Amino acid sequence: MVAGIEAPQLPLSSENYCIVKVAVPVPLRRVFDYLLPENYPITPQPGMRVQIPFGRTTKIGIIDEVESLDHSDLDTQLEKLKPITQILDDSPLITESLISLYRWMGQYYHAPFGEIWQTLLPTALLKGKPAKLSRSSRWTITDIGRESLESGKLAKSAVKQKLILEQLIKNPTGIAHDKIKDFDIPYSSLKNLAGKKWVSRDYITDNDKNIASQVNLPSDIQLNDEQLSAIETVSQHLDRYTAFLLFGVTASGKTEVYLRLIQQVIEQQRQALVLVPEIGLTPQTLRRFEQRFNVSVVTLHSGMSEQQRLQSWLKAKNGEAKIIIGTRSALFAPLKNPGIIIIDEEHDLSFRQQQGFRYSARDVAMVRANLEKIPVLLGSASPSLESLSNVSKGKIKQIELTQKAQNTASLKYRVIDLKNQPMNQGLSADLIKSIKQHLQQKGQVLLFLNRRGYAPVLLCHQCGWSSSCQRCDTHYTYHHQNDYLQCHHCGSSRKAPHQCPQCQCDQMVPVGLGTERLTESIKHLFPDAKTARIDRDTTRRKSAMQDFVSSVKAGEIDILVGTQMLAKGHHFPDVTLVALIDMDGALYSADFRAPEYAAQLITQVSGRAGRADKPGEVLIQTHHAEHSMLHQIIHSGYGEFANSALNERVEAELPPHTFLAMFQAESPQMAHVKYFLADVKQILDRYSNLKVELLGPAPAVYVKKAGKFRYQLFLQTSSRNQLHQLLELTLGDIEKLKSASRVRWRVEIDPVGDS
DNA sequence: AGCACGCCGACT
DNA sequence: GTCGGCGTGCTC
């Protein structure tokens with residue numbers, strides 16, 4: 001090629017081009033300007049995806065704003081602007097109110113715009129997949145298939161094919177293509193049958209369901225007065241924004257209240273969005289809704305494939321899906337005709353995203369409901385102190401359900417003071433005696449211990465050497481089953497040493513108690529009982545949790561040992577004894593929210609057990625038996641505890657009475673982290689006129705994690721406004737800091753926990 | 001976050 | 001003499 005290729009001259013006149021501000025998926029709190037010819041076949045609008053050249057690569061961004069060239073207040077020179085490669089959508093991906101929500105999140109969380117889009121949109125769309133609904137289809141048996149099966153034309157060996165045909169006869173309306181997996185049908189056999197024309201596939205839309213004359217299927221559940229009045233109260237607000245807290249004791253029938261309200265919403269041709277905690281989202285939740293309503297119900301959760309999520313998302317967007325059930329991120333499902341948002345177990349920590357862009361789905365849901373002009377219903381037996389504080393501020397209306405709906409027997413609580421008690425593998429004599437009694441009376445037993453693995457430490461009996469993770473500065477947890485050590489902070493693992501690496505003796509002893517060891521000693525103490533363990537290690541397999549739950553309900557398990565994951569969602573009617581093996585950690589924790597979490601755990605755990613004819617018992621083992629939280633929960637209930645805990649937060653000037661933000665920085669080099677946060681503090685100090693107090697910088701509770709040192713700088717205030725002002729004024733300068741480029745950092749609003 | 005440019009150590 | 005280490009800087 002000959003040299004001297006001229007750079008293409010763009011005719012930069014205001015008639016020909018407009019400027020499009022694009023949010024690009026990079027961790028920068030700014031948008032980038034691009035040019036677009038005015039005669040481009042698609043009119044650019046906020047919320048459309050565009051392909052753009054960015055640096056030396058190309059990226060997919062989202063249009064944030066469109067400006068005409070003549071009255072733009074650009075601070076960059078036009079020559080620097082590049083043209084958009086192409087617009088990927090012919091209409092905005094999300095509704096007006098979601099765009100407003102996006103802008104609110106940008107202001108409130110001070111997060112990079114690209115990151116917010118990444119949580120708002122399904123990954124398939126972020127990768128540039130077309131926003132097209134693929135038609136769903138159903139499989140049905142043909143007449144030929146029916147005859148062939150009856151006349152025994154099917155080879156004996158074709159077991160799977162026989163299964164398919166039988167299932168299709170059982171389901172005369174056919175089986176949806178995306179459900180065939182649930183029937184354990186291999187696709188190859190299905191294709192084989194289709195080739196013979198024994199089965200056929202028909203393409204349909206979910207709208208067929210929705211236009212059915214009877215949208216809600218009858219229910220024979222009798223409601224009590226409290227439930228009726230709760231439904232009445234909320235249904236008077238279906239046409240406007242109101243936030244409700246449905247504070248209902250366990251088994252007070254919250255779900256039935258949800259269902260009746262959803263029924264009204266569907267009758268108004270509107271959609272219901274239901275958020276559940278991570279674990280609660282089992283196939284049964286979906287089935288319960290499907291059994292009740294003859295409308296299209298879709299789910300949205302991390303267990304689904306990208307394509308499945310996109311399909312659910314698109315059905316929510318076009319209004320086909322009437323009920324959307326999902327975990328945290330489902331909050332951002334676009335709704336054509338929004339009717340209500342329900343957050344079940346609103347206190348649950350899974351509603352807070354703890355990776356990347358950190359937000360609280362509960363808080364954002366209230367803002368979204370406000371923008372959509374619909375009610376939002378937060379339900380819990382142990383509400384977050386944040387929500388209860390909002391009740392007293394008048395931001396949320398509280399509805400109480402105090403009666404047990406089904407005639408459940410009340411629980412008996414007992415605190416076992418461990419001080420000076422002889423212990424047998426973490427179990428007091430008192431507890432062992434109780435377990436024995438309950439087993440004799442044919443009751444099932446649930447034991448909670450929030451520590452998986454065999455023992456939290458493996459150490460040398462002779463020289464005291466203990467095995468610790470170099471990357472995190474914490475002890476490895478010993479896992480007996482496959483004889484390995486695992487760091488529960490960074491996940492790294494290694495083979496367990498049998499000889500002390502320091503003194504070469506062979507006296508390595510596990511110290512402390514985890515679920516694995518507890519299960520072992522239970523098996524030893526109760527050799528005749530069937531014992532099972534449920535934690536992250538035993539439920540790796542996808543259906544494992546489901547299998548455990550079914551076998552407990554079927555009475556095939558006598559004693560169930562598990563971590564907190566067992567506390568969520570499942571009710572076991574035959575369980576009569578629930579024990580919290582070690583409440584000490586929660587009561588002595590450095591986290592000021594620990595008592596709140598512990599109180600919620602006790603409340604939730606208690607909800608797992610009992611029914612009318614089998615009174616339940618809850619035992620709590622602790623060295624801190626005099627702790628006021630325990631007394632309040634046991635004698636006066638969660639509400640009473642919450643009241644005094646809220647008062648303590650006022651005294652201590654802690655959230656929700658005050659508000660927090662946090663700068664966190666991490667780097668393999670501790671000095672870099674310290675320099676950066678010192679610089680940040682200096683910049684923040686320039687605005688000492690604002691009523692924001694700075695605390696720190698200080699090391700995070702676990703300073704070292706995965707080879708990186710982590711420090712934090714807290715901002716505390718009683719005025720959210722001033723906090724936001726301060727961040728608005730300073731973040732620009734903080735981003736430009738030289739020390740900022742040497743660390744990974746972020747600012748977090750309303751931080752919880754340490755990680 | 002990517003990605004490239006750029007200036008110092010161990011290899012064919 | 002080169003390959004490549006990751007520090008620094010930029011992205012419309």
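When reading the values below, keep in mind they use all heavy atoms of this one structure, side chains included, and skip hydrogens, waters and symmetry mates. Naming convention: chains lettered A, B, ... in sequence-line order (proteins, then strands); numbering from 1 in each chain. Keep in mind that what you see is a predicted model, and the values were worked out from it rather than measured.
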List the residues meeting side chain to side chain contact (heavy atoms under 4.5 Å, CB included) with A:Arg744, not counting sequence neighbours, and say none if there are none. A:Glu666, A:Lys708
Which atom pairs link the protein and nucleotides 5-9 of chain C when you take only N or O atoms and keep those under 3.5 Å?
{"residue": "C:dT8", "atom": "OP2", "partner": "A:Arg742", "partner atom": "NH1", "Å": "3.1"}
{"residue": "C:dG9", "atom": "OP1", "partner": "A:Lys738", "partner atom": "NZ", "Å": "2.7"}

Interatomic distance, A:Lys59 NZ vs C:dC10 P [rounded to whole Å]: 18 Å
Length of the line joining A:Lys80:NZ and C:dC12:C1', which is rounded to integer Å: 7 Å
Just the rounded figure in Å: distance from C1' of C:dC12 to CG of A:Leu81. 6 Å
Applying side-chain contact (heavy atoms from CB on, under 4.5 Å) to A:Ile94 and A:Trp117, what does each step give before you reach the verdict? CA-CA 11 Å; A:Ile94 59 171; A:Trp117 279 112; 3.6 Å; yes
According to side-chain hydrogen bond (donor to acceptor under 3.5 Å, both in side chains), who are the partners of A:Arg540, at least two apart in sequence or on a separate chain? A:Asp537
Would you classify A:Tyr34 as touching base, sugar-phosphate or nothing, given that sugar-phosphate means primed atoms plus P, OP1 and OP2, and contacts are heavy atoms under 4.0 Å? sugar-phosphate
Which part of the nucleic acid, if any, lies within reach of A:Leu28 when heavy atoms closer than 4.0 Å are counted: base, sugar-phosphate only, or nothing? base
All pairs passing ring pair (Phe, Tyr, Trp, His ring centres under 6.0 Å) where residues 688-737 of chain A contributes a residue, at least two apart: A:Tyr108-A:His724, A:His110-A:His724, A:His489-A:Tyr702
Just the endpoints, please: which first and last nucleotides of DNA chain B, 5' to 3', lie under 4.0 Å from a heavy atom of chain A? B:dA1 to B:dA4
With sequence neighbours left out, the residues meeting salt bridge (charged side-chain N to carboxylate O under 4.0 Å, His left out) with A:Arg494 are none
Sort and list the pairs that fulfil ring pair (Phe, Tyr, Trp, His ring centres under 6.0 Å) and have at least one residue in residues 31-62 of chain A, not counting sequence neighbours. A:Phe32-A:Phe54
Pairs meeting criterion side chain to side chain donor-acceptor pair (under 3.5 Å) with involvement of residues 688-701 of chain A, two or more places apart: none
Set of side-chain hydrogen bond (donor to acceptor under 3.5 Å, both in side chains) partners for A:Lys127, sequence neighbours left out: A:Glu306
Round to the nearest Å and state the distance from A:Lys736 atom NZ to C:dT11 atom C1'. 15 Å
Parallel under 30°, tilted from 30 to 60°, perpendicular over 60°: which one fits the rings of A:Tyr109 and A:Phe357? perpendicular
Nearest whole Å is fine: how far is C:dC12 C1' from A:Glu65 CD? 14 Å
Would you classify A:Pro53 as touching base, sugar-phosphate or nothing, given that sugar-phosphate means primed atoms plus P, OP1 and OP2, and contacts are heavy atoms under 4.0 Å? sugar-phosphate
